[in-house]
Amino acid sequence: MASDVHPVPRRSPAPPAALDLLVQAHAGLVEARTLPDPNERYATAHLAALRTAAAVLAVRGRPETDPRRRRPIRTAWEILTETAPELAEWSALFASGAERRARAEAGIRGAATARDADDLVRDVGTFLRLVERLLGLRPSTPRPRTAPEAIGWDRS
């Protein structure tokens, strides 16, 4: 009998919005992996990162308490850095890609290269898994698996 083991209190359930955002982020990432156009792949992956950040804010965010104090509009990446400082490097990475995402969504030719898109897809996958562990959350629907060949990986 392990007398030195202490029970870990369970966290309160996550808001349904956070779980829904994680499900959407997973779906977006799966979709991004299948898109042949680098601009579309990049924009879709970046949106999955944004939804992942929004899930963190749904769990940890604190609404402004003073209605008389109006703050300037800030990006989700700026708020995420304040709310979850441990994700500051990720926030900086994805914030730096926001302009490229806007150009890609506008259909500007060459806004994102295949390498840019593939790197972002990989980074978003890592970010999503990290956030799930950080929050102790898992989406309620199972994630579809994509074969390595479907996203251009070679098993050798």
Side-chain angles (χ1 to χ4, degrees), residues 8-35 37-108 110-146 151-153:
V8 177
R10 291 188 159 260
R11 294 181 187 179
S12 61
L19 296 174
D20 187 48
L21 286 162
L22 289 175
V23 168
Q24 290 177 39
H26 276 286
L29 192 55
V30 168
E31 179 185 0
R33 288 182 177 125
T34 66
L35 295 170
D37 179 64
N39 277 356
E40 290 179 23
R41 196 162 61 249
Y42 189 94
T44 303
H46 198 275
L47 181 57
L50 190 56
R51 286 181 171 145
T52 304
V56 175
L57 298 178
V59 172
R60 290 192 180 180
R62 303 280 190 283
E64 184 64 45
T65 56
D66 186 358
R68 295 174 293 168
R69 184 173 180 229
R70 291 200 63 154
R71 299 185 86 176
I73 295 174
R74 298 180 303 152
T75 69
W77 304 117
E78 292 169 321
I79 298 168
L80 183 64
T81 299
E82 293 173 8
T83 306
E86 64 272 32
L87 298 174
E89 288 182 43
W90 289 100
S91 294
L93 173 71
F94 295 124
S96 71
E99 184 179 330
R100 179 174 285 159
R101 173 186 167 205
R103 290 191 335 260
E105 287 178 327
I108 296 173
T113 66
R115 173 74 186 259
D116 295 332
D118 293 342
D119 288 349
L120 186 64
V121 166
R122 184 193 64 243
D123 290 342
V124 172
T126 302
F127 179 60
L128 182 51
R129 288 187 303 275
L130 177 69
V131 164
E132 286 176 333
R133 274 190 236 127
L134 179 73
L135 300 177
L137 300 176
R138 287 280 185 233
S140 58
T141 59
R143 288 185 271 189
R145 297 251 177 206
T146 304
I151 55 176
W153 291 349

Please check if the side chain of Arg100 supplies one atom and the backbone of Ala111 the other of a donor-acceptor pair under 3.5 Å.
yes
Flag, side chain of Asp20 to backbone of Ala17, donor-acceptor distance under 3.5 Å:
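No, because the side chain of Asp20 does not come within donor-acceptor range (under 3.5 Å) of the backbone of Ala17.
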Would you kindly say whether Asp116 and Thr113 are connected by a side-chain donor-acceptor distance under 3.5 Å?
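Note: Asp116 and Thr113 side chains meet the donor-acceptor criterion.
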What closest approach, in Å, do [X] and [Y] show between heavy atoms, and which atom pair accounts for it?
{"X": "Ala84", "Y": "Val56", "answer": "CB-CG1, 4.1 Å"}
{"X": "Gly28", "Y": "Ala48", "answer": "C-CB, 4.3 Å"}
{"X": "Pro15", "Y": "Val59", "answer": "CD-CG2, 4.0 Å"}
{"X": "Leu120", "Y": "His46", "answer": "CD2-N, 3.7 Å"}
{"X": "Gly107", "Y": "Asn39", "answer": "C-ND2, 4.2 Å"}
{"X": "Ala49", "Y": "Phe127", "answer": "O-CE2, 3.6 Å"}

Spacing of [atom1] belonging to [X] relative to [atom2] belonging to [Y], to within rounding of 0.5 Å:
{"X": "Leu80", "Y": "Thr52", "atom1": "CG", "atom2": "OG1", "result": "10.0 Å"}
{"X": "Phe94", "Y": "Leu87", "atom1": "CZ", "atom2": "CG", "result": "10.0 Å"}
{"X": "Leu130", "Y": "Leu135", "atom1": "CG", "atom2": "CG", "result": "9.0 Å"}
{"X": "Trp77", "Y": "Leu50", "atom1": "CH2", "atom2": "CG", "result": "5.5 Å"}
{"X": "Leu57", "Y": "Ile79", "atom1": "CG", "atom2": "CD1", "result": "6.5 Å"}

side-chain contact (heavy atoms from CB on, under 4.5 Å) partners for Ala114, two or more places apart:
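Here the qualifying residues are Pro38, Arg41.
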List the residues meeting side-chain contact (heavy atoms from CB on, under 4.5 Å) with Asp119, not counting sequence neighbours, and say none if there are none.
Arg115, Arg122
Looking at side-chain heavy atoms only, is the closest gap between Arg51 and Leu47 below 4.5 Å?
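They are in contact (side-chain heavy atoms under 4.5 Å apart), so the answer is yes.
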Side chain to side chain donor-acceptor pair (under 3.5 Å): which pairs involve residues 85-95, sequence neighbours left out?
Arg60-Glu86, Thr81-Ser91
